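Just so it is clear, the values below take in all heavy atoms, side chains as well, and ignore hydrogens, waters and symmetry mates. Note that the coordinates shown come from a computational prediction; the quantities given were computed from them, not determined experimentally.
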Amino acid sequence: MRRSKPVLTGWIEALRLEAPQRSPRETAVISLLVATLAVAATALVIYGAYFGLITALILRAMFFSLVAAGGLLLVGLKAPWLWLRALSYALAPVVLLPGLHIWDSYAQIVRRGGMAQDLDMWIFAGLMAALVLLIIRSVGWALLVLVALAVGYAMFGDLIPGEYGHRGYTLTRLASMLMLSTEGIFGLPMGVAVQYIFLFALLGGLLMKIGTGEVFVDIARGLTGRMRGGPGLTAALSSTMLGTINGSAVANVVTTGTFTIPLMKRAGYSATLAGAIEAAASSAGQILPPVMGAAAFLMAEIIRVPYATIALAALIPGLLYVLALMIAVWAEAGRLGLDRDPQAGFALLKETLLKRGYLLLPLIGLVGFLALGYTPTRAAVLCMVVALVISPWRRETRVGLIALIQVCRDTLVATLPIVTAVAAAGVVIGVLNLTGLALMLSGAIVDLSGSSMLALLALTAVVSFFLGMGLPTSAAYLLLAVLVAPALTRMGMEPVVAHMFIFYYGLVSAITPPVALAAYAAASISGADANKTAVEAVRLGFVKLLVPFLFATMPGLLMVGSGGEIVVSAALATAGIAGLTLAFGGWFLAPIPGHWRLAALVGAALVLWPAPVLSVEPLVLLARGVGLFLLAAMVWRQASRA
């Protein structure tokens, strides 16, 4: 008994959240409550992922209630005003009611056809109040405005004249649709959040806890450190590899940037360029398999294909992005005359693989389980088991009970904005489906484009870009999938091509101002101007803006078409993108003169000529032949000068 108090105190200290403005007692209580809710959410997710025995509405409602309650406690703990702290703490138990109510009354809800009654209305009011507060504090006002417009349109649509008006829906009908069915807040997006997003974020957090992230950094240093400007290449490669297990650009910057950005600055990179390289590299994780960002799981569910199909489709474009980024960083290092990393090289790579290479086994297992036909959810659970089995092999990688609870808590904190965003998007999508507005807007986009595929792609890119600026990737993609993707498929585009197009433009906001969260996070570490860092990141990561347009004429990049189409698409895209990167960078073994940079630019444009990749039309063949000749001539000229 005498030793239990110090042990309990140690647990509390280990789980204590940072809140210096609050009393130690309040911080301790809230920290323990958040940890408890996180463990409960984790247990629910793992049970549902592996056994799948929980009804969809119950599983999604309970998951959201647990995560939202933990999120509100966090909001209250860090609230700058007393009234906000009191409101957040008061709403935390309130938001638990929807999940508990649906769990307890599910049979009755089904028997009455999902129609809301008086008690349901009160619970729905509390749910919406909690959701509004979470949107404001964890996502932003842009999504709240969309939710308010959607609810207003549903309730007062009878006041709108013309084809966009409707008969109007009561609050009771909205509560039935948005809370008591799988068409609103607890719809498909929330299902993806509970089945995939939280689960893979948990896997990524566990791998980081046992040290897999550090292995990635040292492997990258071993492979690239002895090359010119090695620290920049190390940052690009390590952040890319780390992104494959967490899919979050901002999390990548915060995790690897604290090491790579100072390393790059010591090697001679400017603060702006160092931050830009880290931001551009960290955003690669969202487009690279095996574990992509949240929107990729949403895509698989929406177009109803296995996640492995989405991951395979994303492979070539993702590798093209990494290739262009590595070439751009290498060119910058050459242009600036930067040195190598004297402490890196193949000796470090060998040491890392021999001593800590076993920490890669969970990721190898993930790919293996998926190849054997396991569902992504079961594969993720089994990979966590593998990680827990191998973690005790060395003292520094062991994970105890407290560390596991910390992983659960950190996962809840990391996924809170995504869960909030998909809940809010569920409100908007539910209203769009209820009123039929989604089909009308999709038709309007087609009409506005004049039935021109190029005009439709340009319009879609603009809409996607602006939605992505104000919303998280998952919310932006969900709305684009409902509003814009049907317009592309109506014009004859394959569903995976259409959805991958909007996916890319929805997530590019990680590095594009005025939002550019990844670039701003990197700038806070490097000490550079945030907007300048974002502009540099866009220059380095321009492939994200270009590749989606290639999908239309080179669907082989997404593994759509014959083997010949896939191979030729990959070859032409590689040559064209490498040429553009070198033209923009202005260095290849030696500085590239202006006229040769122009030649490379023209050559790359001709290689990427917008025509079917297997076209045998004389003009197309001539254009691509001239383009390849110009690129080869530039490379030969630079090699002869080096």
Side-chain angles (χ1 to χ4, degrees), residues 227-229 233 236 280 315-336 453-454 457-458 497 501 504 538-642:
M227 300 173 66
R228 181 184 292 274
L233 295 173
L315 181 60
I316 295 177
L319 292 177
L320 286 174
Y321 178 83
V322 176
L323 172 66
L325 180 60
M326 298 290 282
I327 292 175
V329 173
W330 178 67
E332 288 294 325
R335 186 175 60 84
L336 297 173
M453 178 60 78
L454 182 60
L457 289 175
V497 179
F501 184 94
Y504 261 70
V538 172
R539 182 176 69 84
L540 295 171
F542 76 94
V543 172
K544 274 191 178 179
L545 301 172
L546 170 65
V547 163
F549 281 94
L550 298 182
F551 296 161
T553 56
M554 297 182 177
L557 293 176
L558 299 174
M559 303 294 182
V560 175
S562 65
E565 288 177 296
I566 294 172
V567 172
V568 175
S569 296
L572 291 176
T574 300
I577 287 174
L580 286 175
T581 305
L582 293 174
F584 292 157
W587 191 91
F588 178 67
L589 302 177
I592 305 175
H595 61 284
W596 280 107
R597 292 179 68 178
L598 179 60
L601 189 63
V602 173
L606 292 175
V607 167
L608 300 175
W609 188 270
V613 292
L614 298 184
S615 173
V616 293
E617 293 185 12
L619 182 60
V620 175
L621 293 176
L622 177 64
R624 288 175 175 162
V626 171
L628 290 172
F629 174 79
L630 289 174
L631 291 176
M634 185 275 292
V635 171
W636 180 83
R637 189 263 180 192
Q638 290 298 115
S640 64
R641 287 188 60 201

Quick one: pull up OH in Tyr321 and NZ in Lys544 and give me the separation to the nearest 0.5 Å.
5.0 Å

Using side-chain heavy atoms (C-beta onward) and a distance below 4.5 Å, is Ile316 in contact with Ile566?
yes

Point-to-point distance, once rounded to the nearest 0.5 Å, from CG of Leu572 to CD1 of Ile577:
11.0 Å

From CG (Leu233) to CH2 (Trp330), nearest 0.5 Å
9.5 Å

What's the spacing between Arg597 CZ and Met634 CE if we round to 0.5 Å?
10.5 Å

Looking only at heavy atoms, which two atoms of Gly564 and Leu614 are closest? And how far apart?
O-CD2, 4.3 Å

When every non-hydrogen atom of Arg624 is compared with those of Leu606, the smallest separation belongs to CG-O, 3.6 Å

Option from Thr553, Val568, Val567 for which side chain to side chain contact (heavy atoms under 4.5 Å, CB included) with Val613 holds:
Val568

d(Leu550 CG, Ser569 OG) to nearest 0.5 Å is 9.0 Å

Kindly say whether the aromatic ring centers of Trp636 and Phe629 come within a distance under 6.0 Å.
no

Any pair with a residue in residues 551-581 that passes ring-ring contact (aromatic ring centres under 6.0 Å, His included), sequence neighbours left out, goes on the list, sorted by first then second residue, please.
Tyr504-Phe551

Over all atoms of both residues, closest heavy-atom pair of Gly576 and Val607
N-CG1, 4.0 Å

Has the side chain of Glu565 got a donor or acceptor atom that lies under 3.5 Å from a matching backbone atom of Met554?
no

Are any of the side-chain heavy atoms of Val538 and Phe542 separated by less than 4.5 Å?
no

Heavy atoms only: give me the nearest Ala623-Trp609 pair and the separation to one decimal.
CB-CE3, 3.6 Å

Please round to the nearest 0.5 Å and tell me the distance separating atom OG1 of Thr574 and atom CG of Leu557.
8.0 Å

If you define the side chain from C-beta out and look only at heavy atoms, does anything of Leu580 sit under 4.5 Å from Leu608?
yes

Work out which heavy atom in Thr581 is nearest to a heavy atom in Ala324; give both atom names and the distance.
CG2-O, 3.3 Å

Of the non-hydrogen atoms in Leu631 and Ala604, which two are nearest, and what is the gap between them?
CD2-N, 4.0 Å

